[in-house]
Amino acid sequence: MSQAIQFDPIRLPPEAEELRLEVRDFLSEEIANGGFDPHRTIMKSGFDREFSKRVGARGWIGMTWPKKYGGHERSFLERYVVTEEFRSQNAPVTSHFTADRQSGPVLLKYAEEHIKEDILPKITAGDCCFCIGLSEPNSGSDLFAASTKATRTDGGYLINGTKLWTSNAHQAEYMIGLFRTSPPTKENRRHGLTQFLVNLKQPGITVNPVRNMAGKHDFNEVLFEDLFIPDDHLLGEVDSAWKQATSELAYERSGPERFLETFYVLPELVRVIGQKPDARAAEGIGRLVAQLHTLRRMSVSVNGMLQAGKEPVIEGSIVKDVGTIWEQSLPAKARDLAAFVDDTPSNRSNFDELLQYATNIAPKLTIQGGTTEVLRGIIARGLGLR
Amino acid sequence: MSEVDSLLIDATTKIFEDLSDPQTLNSAATDDWRSALWSALEESGLTLAWVPADNGGSGASLADGFSILELAGKFAAPIPLGETLLAGWLLSRSNVECPSGMMTVAPTRPRDKIQMTEDNRLVGEAFGIPFGNLAEYIVVLAYKEEVPHISLVSGKDCIIKGNPGLSGDGRDTITFSNTTPIKIAPAPDNFSGQEFCIMGATIRSMQISGALQSILKLATDYAQERVAFEKQISKFQAVQHNLAKLASETAVAIAAAGSAMDTINTATQYNELVFFEVSSAKIRTGEAVGEAAAIAHQVHGAIGFTEEHILHRYTQRLWDWRDDFGSESEWAVELGEMVAERGADELWPLLTAR
């Protein structure tokens with residue numbers, strides 16, 4: 001192993017805890033005003049532009065970005081608190097979350113100045129949605145198989161091909177897309193891919209819905225036919241996007257959203273089990289809570305190490321591996337533990353409804369953001385095995 | 001975060017490398033290594049790390065002590081170092097003078113309770129006491145009309161029924177039938193049986209974390225040496241994924257134990273948050289033991305199942321340790337009861353309390 005696995009016991013700083021109270025007040029007000037229903041948003045699209053604008057107005061989008069682009073220059077740990085509080089209440093963050101977590105930071109690092117000045121303030125205002133154009137019909141986990149082509153033309157590139165499983169493409173203003181500018185080389189099959197900023201509101205793009213098995217429209221198929229992208233929309237180095245992608249993965253994989261996606265089942269389980277559980281239910285709940293607590297400590301630790309300028313790549317992959325497996329198995333465990341709870345409708349109807357939904361979405365959790373198999377490959381590489 | 005004394009860690013590592021090498025111990029014909037190892041630790045003041053300097057100890061911080069025990073776990077050291085540290089900590093906190101020599105503590109199962117009679121004699125049975133036979137002294141938590149007392153007992157004054165446990169270190173049954181302790185003191189203020197188990201559980205979590213780091217290394221090294229079907233078995237994806245899972249469970253144990261230890265180091269009093277951190281750590285490290293030990297053996301194949309290979313020196317101790325001071329099931333029932341009692345809406349505040 002190149003380096004020992006490290007999880008510093010990092011605690012959230014006082015300013016983050018103060019912020020938590022502000023966020024909780026905001027969320028309770030939103031719920032009280034009918035801004036969103038914490039028990040129902042998960043089953044809807046979660047896309048609410050007006051809500052995102054209110055979040056932006058509070059300064060909770062682009063929190064770590066420079067002020068000159070509308071950011072707030074706060075720490076990753078403060079952003080962590082906002083993310084986990086929003087998740088725990090199932091707040092409708094879809095319109096801004098992707099841009100906040102991933103796309104904004106990519107633009108910050110690789111976009112031309114005038115683009116940063118134009119787009120980043122819109123993101124932080126909660127008025128700009130991004131989607132990520134990675135997967136294709138023949139390229140999912142195997143990202144480097146992407147074949148959608150970007151061909152050189154006068155003043156830019158022409159894009160032809162198809163992206164698939166693109167969440168929120170039907171609602172987004174922009175995509176950060178990964179396109180093939182050169183064929184892979186014999187020595188490096190990762191060579192030849194380039195990142196571009198794509199304005200989705202222009203001719204040459206067709207977005208078709210792909211409904212998922214839970215009945216939601218989230219996925220899309222995005223077709224590009226001679227779409228023109230100007231040179232200044234190129235992000236980073238031509239043919240070398242693979243280098244750009246890997247360094248950001250620790251951020252993408254270690255956040256609280258990576259183990260809280262079915263969290264709503266757990267408090268409802270505690271509610272239906274009641275205050276005097278038998279040993280079987282108590283043990284089950286105790287284990288789940290201990291597992292979740294440990295995951296959160298690992299995730300806070302990785303984010304604290306990132307804040308301190310370290311590169312916990314293997315640790316980030318481990319958080320996602322353990323985290324998604326936990327959130328995926330939670331519905332099944334909750335089902336077992338609630339098996340003997342009276343099923344009078346008043347008692348467990350809400351629990352049952354949420355459990356059904358969680359059971360339906362569970363299969364995707366170990367696929368999105370890097371499959372479990374891919375992550376284990378990355379961990380194995382970190383162990384020096386490949 | 002608590003600072004750990006790196007010189008102390010280096011010195012302790014040296015002692016374990018020289019005198020507690022698992023391979024050397026595994027092939028040793030006699031137990032002579034034990035007194036050599038213990039003397040070296042004693043001379044360096046490590047056995048009384050948690051006894052203040054004024055009372056004849058070395059007055060190390062809790063953080064230093066826990067780090068020493070993580071190291072002991074990395075070497076699967078078959079000596080009652082954790083038990084002696086805990087015994088010294090209990091005695092000093094109760095203002096009882098601390099003897100030298102190997103000590104253990106009792107009871108180590110949450111449901112065992114020892115009574116103290118009106119004339120200060122001990123009555124009761126404690127099961128699964130680590131190194132019960134080997135230790136010279138036993139530090140006992142006993143209740144005299146519900147008031148907790150700490151007492152120092154000579155092993156010779158008890159009835160000890162040997163049980164080797166999985167590791168052979170001993171998980172012995174100690175019977176106190178009107179046993180007269182050498183010394184007695186009321187337990188420190190606000191001290192409860194749970195606090196006793198909390199310290200023990202944190203010690204075991206640290207040892208588990210240490211030992212898991214070692215079996216991860218043993219298994220990854222072995223997978224790169226062993227050739228089958230004409231290649232190193234580490235090149236097979238199925239083996240790689242098993243090892244990745246082993247690394248993940250090791251990571252979980254490192255994080256869980258580290259967080260519990262940090263909580264104890266900085267806590268000013270025993271409270272619900274300390275309980276939450278430590279119970280979670282003992283549950284999660286215990287779960288990690290099950291998964292990780294199984295994978296380490298799977299990777300090693302038949303050789304790992306032999307007496308001559310050192311893997312069992314780790315896995316058998318890991319299985320013993322997960323039972324000490326409360327198993328996963330015992331802690332989980334308590335934690336689950338606490339969560340249920342507080343109610344559904346208090347779960348998130350508990351998780352995010354720090």
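Just so we're on the same page: letters track the sequence lines, and every chain starts at 1.
Of all the listed residues (Ser279(B), Ala260(B), Ser280(B)), the one sharing the greatest number of non-hydrogen pairs under 4.5 Å with chain A is Ser280(B). In terms of heavy-atom pairs under 4.5 angstrom with chain A, the leader among Ala255(B), Ala281(B), Ser248(B) is Ser248(B). In terms of heavy-atom pairs under 4.5 angstrom with chain B, the leader among Arg386(A), His293(A), Arg271(A) is His293(A). Chain A forms the most heavy-atom pairs under 4.5 Å with one residue out of Leu335(B), Thr263(B), Ile254(B), Thr250(B), and that residue is Leu335(B). Between chain B and the options Ile285(A), Val272(A), Ile325(A), the largest number of non-hydrogen pairs under 4.5 Å is found for Ile285(A). Annotation: maximal heavy-atom pairing with chain A below 4.5 Å, among Gly343(B), Ala332(B), Ala223(B), occurs at Ala332(B). Heavy-atom pairs under 4.5 Å with chain A were tallied for Glu346(B), Gln240(B), Arg284(B); the largest tally goes to Gln240(B). For the options Thr352(B), Leu243(B), Val239(B), Ile283(B), heavy-atom pairs under 4.5 Å to chain A are most numerous at Thr352(B). With chain B as the partner, the residue from Leu375(A), Val289(A), Leu295(A), Leu12(A) showing the most heavy-atom pairs under 4.5 Å is Val289(A).
Ala251(B) approaches Phe7(A) most closely through the heavy-atom pair CB-CE1, 3.5 Å.
Neither the backbone nor the side chain of Leu337(A) comes within contact range of chain B, judged by heavy atoms closer than 4.5 Å. For chain B, the nearby part of Arg296(A) is the side chain; its heavy atoms alone come within less than 4.5 Å. Only the side chain of Arg297(A) comes within contact range of chain B, with heavy atoms under 4.5 Å apart. For Leu385(A), the parts lying under 4.5 angstrom from a heavy atom of chain B are both the backbone and the side chain. In this structure, the portion of Val322(A) lying under 4.5 Å from any heavy atom of chain B is its side chain and not its backbone. Residue Arg280(A): no heavy atom, backbone or side chain, is found under 4.5 Å from chain B.
Taking the six-membered ring where the residue is Trp, Phe275(B) and Trp331(B) present tilted rings, their angle falling between 30° and 60°.
One side chain, Glu85(A) or Trp348(B), offers a donor N or O that lies under 3.5 Å from an acceptor on the other.
Salt bridge annotation for Glu17(A)-Arg20(A): present, with a cationic side-chain nitrogen under 4.0 angstrom from a carboxylate oxygen. Ion pairing between a basic and an acidic side chain is recognised when a charged N comes within 4.0 Å of a carboxylate O; Glu328(B) and Lys282(B) show no such pairing. At a threshold of 4.0 Å, the pair Arg11(A)-Glu277(B) counts as salt-bridged, since one of the basic side-chain nitrogens sits closer than that to a carboxylate oxygen.
Between Asn90(A) and the choices Phe263(A), Phe36(A), Tyr264(A), the side-chain contact (heavy atoms from CB on, under 4.5 Å) rule is met once, by Tyr264(A).
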Quiz item: What's the verdict on side-chain hydrogen bond (donor to acceptor under 3.5 Å, both in side chains) for Gln291(A) and Glu287(B), showing C-alpha distance, side-chain angles and the deciding distance?
Solution: CA-CA 9 Å; Gln291(A) 291 156 358; Glu287(B) 289 179 343; 3.0 Å; yes
Exercise. Check the pair Arg376(A) / Glu373(A) against salt bridge (charged side-chain N to carboxylate O under 4.0 Å, His left out), numbers first and verdict last.
Key: CA-CA 5 Å; Arg376(A) 293 202 175 152; Glu373(A) 288 77 4; over 6 Å; no
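The shortest distance between side-chain heavy atoms of Arg87(A) and Pro256(A) does not fall below 4.5 Å.
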